[in-house]
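The next block holds one structure in the form of structure tokens; read it before the comments.
Both backbone and side-chain heavy atoms feed into the values below; hydrogens, waters and symmetry mates do not. Numbers restart at 1 for each chain; the letters A, B, ... are given by sequence-line order, proteins then strands.
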Amino acid sequence: MSADWKGAIDCDAHPHVPNIDALKRHMNDYWSETVDVRGITAFDSVAYPPNAPITMRPDWRADKSRGRARADSDAGRAAAALMDRHGFAHSILNCLYAVQLIRDEHMAAAFCRAVNDWVSAEWLDRDPRYRASIVLPLQNPELAVEEIERCASDKRFVQVLALAMGEHPLGKSHFWPVWKAAEKHGLAIGIHAGSSYHHATTGSGWPSYYLEDYAAQSLAFHTQLGSFIAEGVFVKFPKLKLVLIESGVTWIGPYLWRLSKFWRGVRLEVPWIDRSPIEFVRDHVRLTIQPFDAPASGETVGRLMDQLQSDQMLLFASDFPHWQFDNDDMLPVGIDATLRKKILIDNPLATYPRLGGSHAA
Amino acid sequence: MPLDDPMGPAITTDNGKGSAAPNRLAVIDGDIHPAVRSMADFKPYLSKRWWDHYETYGMRRKHGSANGEPYPKSAPLACRRDAWPEEGGRPGSSLRLMQEQHLDAYGIEAGILGPLGNTGQGEMNLELSAAMCSATNDWQRDTFTRPEKRLKAGLVVPYEDGVASAKEIERCGGDTDFGQVFLLTRSAEPLGNRRYWPIYEAAERYNLPIGFHVFGTSGHPVSGAGWPSYYIEEGAGHSTSCQTVVTSLVIEGVFEHFPKLKVVMIEGGFAWAPALAFRLDKIFERMRNEVPHLKRRPSEYIRDHVYFTTQPMEEPDDRRHVLDIMSWIGWDKLLFASDYPHWDFDDPFRAFPAGVTTEQHRRICAENGKSVFRLN
């Protein structure tokens, strides 16, 4: 079975920051002391409550009775569960330590620096197959650009990372200096499910249940995609690739039909959009395939795949250690061998220019 | 999938001069927007206290704009240019023009009204909200549904006050001129929240469906991602606000608690629904212990309780994609709506893609509405 995954590029895996001390080691004296003086214990997000089923697959959880540590606790254990077991060529690490919750932009920048340096030292340096995203303090675009410039010389960083729910939709010109820096360095923009919780998670305020919170993530992806297109980000930065990570995927076709129809009706408002939104998406937007919101029916999956009208848009991802699948069922059913190879290898390589040359299939 | 020949338009109109052709479809239109000529039309229906209040302070909704919209529309009042009455007033304010241009011309047998604008919905002063909603209901009845039996009113309620809303349903719900209870999707809290349950309890009791029409002023951006810049984003985003409504109604247990309740999602399109149902089922499977009040999968509640109006019709490059979606939703759950007199109006005989069979078209345009709207 593992041969089926050989050479695959896993575009979404999550390393776990074990505790605040792990980050303090990567802070200067001022911030390290601040953590102590102010009693900061962690920035963990309710987007993934630690014990919620979806947060970690049962067999990847710690099990004291068996003396088993959680599978995402260090680079070696995660490599054993992913790259060793399946023969992946790379796993791209998206650290979800919740720097986005922080209101203080200086503190956010300090934590981003610490997270990125921790990923580099504790994961990238431990296994040459890992790649990672640069976590950004988007609370202030200038500080985000500084962080890109600080990290970009390390080619193991292949992407910059934002969350689906932040302060403002990410296509707004407010953020363009950040995307300009990303384009300059050949870094893709990754938007991952999650929230800064600076706004309610739905357009009608705060829902009662966690289940609704997670469901609402896909709605924020609608907004982000509309924003990147309507604001003209892809016109301004024609080399950019936008990767929607853990979005659920199957919402995108219907949303684009609607957006494209509106564009035909109201395009006088956004005259810089010289093509249908669908065309921008085919050229610039990619989606990771876990989770893929569909029933386990090959026929239905096939019809949904056909809605994408492209075999280049999907990127393989394990979403490790989130519980999106059981056993080794890492792709939806009903995908043929040609498309499978594209999703596993060709599409990630085309999306992340920084993987080029380093890929050993 | 084999495709039928394109459906020839069954319409043989003489451009609104009357005389429907004998074998035409008796269309049920799920979304027609009546309008006041000016706010003075409401004056006879408001007490002096509330009229004076309105004149002094105006309406205050959670978007900060005293007049107009933070996202200006692409046409004045988002209306068709040919829908402005010769005698003055706003599109939708002339029953005569609505009859000629729409009801007669398309053979509309039943039209469900959905009043928008200063109806009191989303107004921050809850007492003003209630007074305006009552005025809107009385005005609809006198101006539209009494003189024109093909029209059914939308019972507007001051939905941020569940108890006052139930009272308004009590006041009007026995009158068969009302075909649905009318709410907007952008509410202050997700619409499955218990504060709204008195609305559902009263609606169920009167056998009235709830129509959730897009728009509203929740004070929140359309999703947790923040406020977009452009009307195109706001417009396309209405489908996300519909998903918020459906998710909340299902997950918070509204359909478990009100098993006879039917809801209609209006003007948000429908193509988003299968992906949402797939998503909710998947998450539910993982975390059903968080919501033990749900006895069935989310998709089952959606299948049994939620109807979708078709306008604005989604138009993928490959029409088979939208046919897939329609068959997944169920041909019995789709309802034609025109959105008259707005710019993105759908024509009942031209909006649907080739491949929709004559029988399916008949169900969407003339049959399904009978099982959801209160038409008799």
- Item | Distance-only polar pair, side chains of Thr223(A) and Ser223(B), donor-acceptor under 3.5 Å | yes

- Message: Tell me whether Lys282(B) contacts the main-chain N or O of Gln324(A) through its side chain, where contact means a donor paired with an acceptor under 3.5 Å.
- Response: no

- Task: Could you tell me whether a side-chain N or O of Ser204(A) sits under 3.5 Å from a main-chain N or O of Thr185(B), the two making a donor and an acceptor?
- Result: yes

- Answer with side chain, backbone, both or neither: which region of Ser260(A) has an atom nearer than 4.5 Å to a non-hydrogen atom of chain B? neither

- Is it the case that Glu252(B) and Ser208(A) place a side-chain donor and acceptor less than 3.5 Å from each other? yes

- Query: Are the side chain of Glu269(A) and the backbone of Tyr231(B) linked by a donor-acceptor contact shorter than 3.5 Å?
  - Reply: yes

- Message: For the CD atom of Gln243(B) and the OG1 atom of Thr202(A), what is their distance to the nearest 0.5 Å?
- Response: 11.5 Å

- Message: Tell me if a side-chain donor or acceptor on Arg286(B) pairs with a main-chain N or O of Trp323(A) at a distance below 3.5 Å.
- Response: yes

- Message: Working to the nearest 0.5 angstrom, can you tell me the gap between Trp272(B) CH2 and Ser218(A) OG?
- Response: 11.5 Å

- Message: If you apply the rule side-chain contact (heavy atoms from CB on, under 4.5 Å), what do you find for Trp257(A) with His321(B), and how did you get there?
- Response: CA-CA 10 Å; Trp257(A) 305 337; His321(B) 295 150; 3.5 Å; yes

- Query: Asp293(A) and Arg279(B): which non-hydrogen atoms are nearest, and at how many Å?
  - Reply: OD2-NH1, 2.8 Å

- Give a yes or no answer on whether the side chain of Arg258(A) reaches the backbone of Pro312(B) with a donor-acceptor pair at less than 3.5 Å. no

- Query: Does CD in Glu256(B) sit with more than 12 non-hydrogen atoms of other residues, nucleotides or ligands closer than 6.0 Å?
  - Reply: yes

- Looking at His222(A), Gln309(A), Gln224(A), which has the largest count of heavy-atom pairs under 4.5 Å with chain B? His222(A)

- Query: Out of Ala275(B), Gly235(B), Pro228(B), which one racks up the most heavy-atom pairs below 4.5 Å with chain A?
  - Reply: Gly235(B)

- Task: Nearest 0.5 Å please: distance from the CZ atom of Arg320(B) over to the CD atom of Gln307(A).
- Result: 12.0 Å

- Message: At a heavy-atom distance under 4.5 Å, which candidate from Pro295(A), Gly166(A), Gly226(A) has the highest pair count against chain B?
- Response: Pro295(A)

- Query: In terms of heavy-atom proximity below 4.5 Å to chain B, should Tyr255(A) be classed as side chain, backbone, both, or neither?
  - Reply: side chain

- Smallest heavy-atom separation, Leu219(A) atom then Thr244(B) atom, equals CD1-OG1, 3.3 Å

- Counting only heavy atoms not in Arg288(B), do more than 12 fall under 6.0 Å of its CZ? no

- Query: When you measure from the side chain of Ser218(B) to the backbone N and O of Gly203(A), does any donor-acceptor pair fall under 3.5 Å?
  - Reply: yes

- Query: Is it the side chain or the backbone of Val222(B) that comes within 4.5 Å of chain A heavy atoms, both, or neither?
  - Reply: both

- Task: Let me know if Asp318(B) has heavy atoms under 4.5 Å from chain A in its side chain, its backbone, both or neither.
- Result: side chain

- Query: Which of the residues Ala277(B), Gly269(B), Ala188(B) is involved in the greatest number of heavy-atom pairs with chain A at under 4.5 angstrom?
  - Reply: Ala188(B)

- Task: State whether a side-chain donor-acceptor pair under 3.5 Å links Glu231(A) with Ser229(B).
- Result: yes

- Note on the structure: Given Gly226(B), Ser74(B), Ala236(B), Gly216(B), the one with more heavy-atom pairs under 4.5 angstrom with chain A than any other is Ala236(B)

- Task: Check each atom of Arg264(A) against the heavy atoms of chain B and say whether the ones under 4.5 Å are side chain, backbone, both or neither.
- Result: side chain

- Message: I'd like to verify something: which residue of Val291(B), Asn193(B), Leu280(B) has the highest number of heavy-atom pairs under 4.5 Å with chain A?
- Response: Val291(B)

- Message: Using every non-hydrogen atom in the two residues, find where Pro221(B) and His199(A) come nearest and quote the distance to one decimal.
- Response: CG-ND1, 3.7 Å

- Between chain A and each of Ser241(B), Ser239(B), Pro72(B), count heavy-atom pairs under 4.5 Å; write down the option with the most. Ser239(B)

- Query: With under 30° as parallel and over 60° as perpendicular, where do the rings of Tyr209(A) and His293(B) fit, or are they tilted in between?
  - Reply: tilted

- Message: Within the supplied structure, the quantity of interest is the number of heavy atoms (other residues, nucleotides, ligands) at a distance under 6.0 Å from Arg194(B) CZ; does it exceed 12?
- Response: no

- Item | Pairwise distance OG1(Thr247(B)) to OH(Tyr214(A)) - rounded to 0.5 angstrom | 13.5 Å

- Of Val270(A), Ile252(A), Leu170(A), Val249(A), the largest count of non-hydrogen pairs under 4.5 angstrom with chain B goes to Val270(A)

- Return yes when atom NZ of Lys236(A) has more than 12 non-hydrogen atoms of other residues, nucleotides or ligands closer than 6.0 Å, and no otherwise. no

- Query: Any side-chain heavy-atom pair from Tyr230(B) and Ile273(A) closer than 4.5 angstrom?
  - Reply: no

- Item | Heavy-atom pair count under 4.5 Å with chain B, highest-scoring of Gly248(A), Gly171(A), Pro207(A) | Pro207(A)

- Engaged part of Ile325(B) at the chain A interface, taking heavy atoms whose separation is under 4.5 Å: side chain

- Query: Most heavy-atom pairs under 4.5 angstrom with chain B, which of Pro53(A), Gly253(A), Ala215(A), Gly265(A)?
  - Reply: Ala215(A)

- Query: Is it the backbone or the side chain of Ser227(A) that comes under 4.5 Å from a heavy atom of chain B, or both, or neither?
  - Reply: both

- With only heavy atoms counted, which part of Ala164(A) is less than 4.5 Å from chain B, the side chain, the backbone, both or neither? backbone

- Check: Glu290(B) side chain, Leu211(A) main-chain N or O, donor-acceptor pair, under 3.5 Å: yes

- Query: Is there a donor-acceptor pair under 3.5 Å between the side chain of Lys261(A) and the backbone N or O of Glu315(B)?
  - Reply: no

- Output the distance between atom CG (Leu256(A)) and atom CD (Glu314(B)), rounded to the nearest 0.5 Å. 11.5 Å

- Message: So for Glu167(A), is it side chain, backbone, both, or neither that comes closer than 4.5 Å to the heavy atoms of chain B?
- Response: backbone

